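Chain identifiers are assigned alphabetically (A, B, ...) following the order of the sequence lines, protein sequences preceding nucleic acid strands; residue numbering begins at 1 within each chain. Predicted model only: the values in this text are computed from it and were never measured.
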Protein chains: 2
Amino acid sequence: MQNLLLDFILQYIHLDENEKNAIASLDIFHTIKKGHILLKQGEFSNQGYFVLKGCVRSFYIIEGEEKTTAFYTEMEGITPQCVIDNKPSEYYISCVEDSILLISTPDMEDEMFQKFPKFESLCRILSEKLVSKQQIDFDNFKISSPEERYLNLVDKRPDLIQRVPQHQIASFLGIKPQSLSRIKARIIEKNK
Amino acid sequence: MQNLLLDFILQYIHLDENEKNAIASLDIFHTIKKGHILLKQGEFSNQGYFVLKGCVRSFYIIEGEEKTTAFYTEMEGITPQCVIDNKPSEYYISCVEDSILLISTPDMEDEMFQKFPKFESLCRILSEKLVSKQQIDFDNFKISSPEERYLNLVDKRPDLIQRVPQHQIASFLGIKPQSLSRIKARIIEKNK
DNA sequence: TATTTTTCTTCACTTAAGTTAACGTTTAAT
DNA sequence: ATTAAACGTTAACTTAAGTGAAGAAAAATA
């Protein structure tokens with residue numbers, strides 16, 4: 001697990017032994033069971049998550065219905081809005097599968113930034129990349145129909161279709177489960 | 001204009017005279033005319049933009065049709081994906097109004113980060129905030145109907161409704177101009 | 001000012017998603 | 001192993017967005 005993390009970081013910046021050890025010494029690896037809720041709507045939290053293995057989902061509950069808005073899988077991270085703005089969370093975060101997560105707090109991060117400014121560079125670079133990626137994802141969502149969004153998901157994140165229940169996929173695509181079933185049937189019909 | 005920028009920055013970090021002068025000495029203020037295209041689809045660029053005054057729009061042209069995906073107004077910045085990934089741009093960026101923009105390049109930023117590490121902290125913090133804000137915007141888009149999205153826009157960015165043509169607003173909301181007209185008529189009908 | 005172009009709205013019609021309900025299947029719990 | 005709950009699909013019906021066309025209003029241009 002340590003190595004997965006180091007390899008990921010080394011794609012972006014170089015680390016000396018000292019810095020590698022600093023990471024290794026952080027006791028931040030956590031094994032979380034499927035279904036466990038990491039963050040609840042209305043709750044305060046100062047935890048950020050980085051997925052080393054497994055899958056994490058964020059969702060709202062609106063009029064009793066779950067609205068899934070994001071999935072985070074291997075080498076993806078989330079810092080919930082409530083951590084950044086210091087206000088109660090508007091959404092839930094839970095584990096879709098048994099997962100290994102890296103859990104951090106702003107205090108820990110600030111400490112690392114103090115000791116190793118390089119880590120702040122890393123976080124800046126990763127954040128900037130993420131801003132740009134998110135914008136593209138949002139753009140593609142806007143300019144696509146539900147059917148196109150589904151086909152795009154099958155193309156870009158085929159693993160998700162397998163590892164996540166369909167009604168969560170539907171919600172993630174901004175439609176109802178019944179519509180997703182219909183879309184899938186329509187696609188099969190077309191390809192005949 | 002200098003002061004607008006400094007005041008914005010001072011919300012997040014403290015600057016000494018030296019640092020303030022460093023910013024002032026950057027010759028990065030540009031006056032851009034309405035309609036001017038800053039970035040074209042297919043083009044390479046290394047320019048990032050920060051809006052001091054005015055309004056900038058990003059859009060795709062798909063099958064001859066403009067698809068507006070974002071508006072950037074006072075104190076908002078864009079670093080186009082093509083700058084970050086060093087590949088041709090998938091979208092256009094143009095000025096909706098006469099605007100005053102701050103234009104930067106990665107080289108300039110890296111130089112500033114070298115001289116004043118504090119600026120890198122600032123950029124990290126701003127990027128992290130932006131990631132979180134973007135995620136919330138995307139979430140709200142997904143969990144809302146077109147009508148709700150429109151009402152939300154009227155509530156959250158009423159200025160946009162005024163300063164931007166309706167067909168661009170429609171596209172931004174993920175619908176056709178005709179549908180936006182209908183939605184507006186429906187809302188008026190309801191409130192009678 | 002006159003003229004062209006862009007923008008916005010309305011309408012009739014088509015298409016696709018939402019809704020409600022039912023049913024078989026898979027998964028989890030006892 | 002049995003039961004209950006959650007999940008996925010199908011169907012009939014409703015609602016709302018897309019489409020194509022036309023015309024009025026506003027803005028840009030000559």
Task: Salt bridge present between B:R124 and A:E109 (N-O < 4.0 angstrom) - done: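 No.
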TODO: Using a strict 4.0 Å threshold on nitrogen-to-oxygen distance, state whether B:D85 and A:K129 make a salt bridge.
DONE: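 A:K129 and B:D85: salt-bridged.
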Give the rounded distance in Å between these two atoms: [atom1] of [X] and [atom2] of [N].
{"X": "B:E65", "N": "D:dG18", "atom1": "CD", "atom2": "C1'", "value": "11 Å"}
{"X": "A:I187", "N": "C:dA16", "atom1": "CD1", "atom2": "C1'", "value": "13 Å"}
{"X": "A:E147", "N": "C:dA16", "atom1": "CD", "atom2": "P", "value": "8 Å"}
{"X": "A:K184", "N": "C:dA17", "atom1": "NZ", "atom2": "P", "value": "14 Å"}
{"X": "B:K142", "N": "C:dA17", "atom1": "NZ", "atom2": "P", "value": "17 Å"}
{"X": "A:I169", "N": "D:dG8", "atom1": "CD1", "atom2": "P", "value": "9 Å"}
{"X": "A:I175", "N": "C:dA16", "atom1": "CD1", "atom2": "C1'", "value": "11 Å"}
{"X": "B:Y150", "N": "D:dA17", "atom1": "OH", "atom2": "P", "value": "13 Å"}

Task: Geometric cation-pi criterion, B:R157 with B:F71: 6.0 Å, 45° - done: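 Checked: cation-pi criterion not met.
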Open item on the list: When you measure from the side-chain N and O atoms of A:S181 to the phosphate of D:dT10, is any distance below 4.0 Å, counting only OP1 and OP2?
Closed with: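 Answer no for this pair, as no side-chain N or O of A:S181 is under 4.0 Å from OP1 or OP2.
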Open item on the list: Between A:H167 and D:dG8, is there a contact of a side-chain N or O with OP1 or OP2 at under 4.0 Å?
Closed with: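 A:H167 to D:dG8 OP1/OP2: side-chain N or O found under 4.0 Å.
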Task: B:R182, nearest nucleotide to its side chain (from D:dG8, C:dA17, D:dA17) - done: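 The answer is D:dA17.
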Open item on the list: Taking the minimum atom-to-atom distance to the side chain of B:K176, which one of D:dT19, D:dA17, C:dG18 wins?
Closed with: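 Taking heavy atoms from C-beta onward, the closest nucleotide is D:dT19.
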TODO: Remember a base hit wins even if backbone is also touched, and classify B:R186 as base, sugar-phosphate or nothing at under 4.0 Å, heavy atoms.
DONE: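 Sugar-phosphate: the residue B:R186, judged by heavy atoms under 4.0 Å, touches backbone atoms but no base.
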Looking only at the aromatic ring of each residue, does the gap between the centers of [Y] and [X] stay below 6.0 angstrom?
{"X": "A:F8", "Y": "A:F50", "answer": "yes"}
{"X": "A:F138", "Y": "B:F141", "answer": "yes"}
{"X": "B:F116", "Y": "B:F119", "answer": "yes"}

Open item on the list: Could you check whether any side-chain N or O of A:S171 sits under 3.5 Å from a backbone N or O of A:T68, counting only pairs where one atom can act as donor and the other as acceptor?
Closed with: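 Yes, A:S171 side chain to A:T68 backbone: donor-acceptor pair under 3.5 Å.
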Open item on the list: Need to verify one output field. Residue with the more 5' nearest nucleotide on DNA chain C, A:P146 or B:Q168?
Closed with: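 Upstream on the strand: B:Q168.
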Task: B/S/- contact track for nucleotides 20-30 of chain C, protein heavy atom under 4.0 Å - done: B-------S--
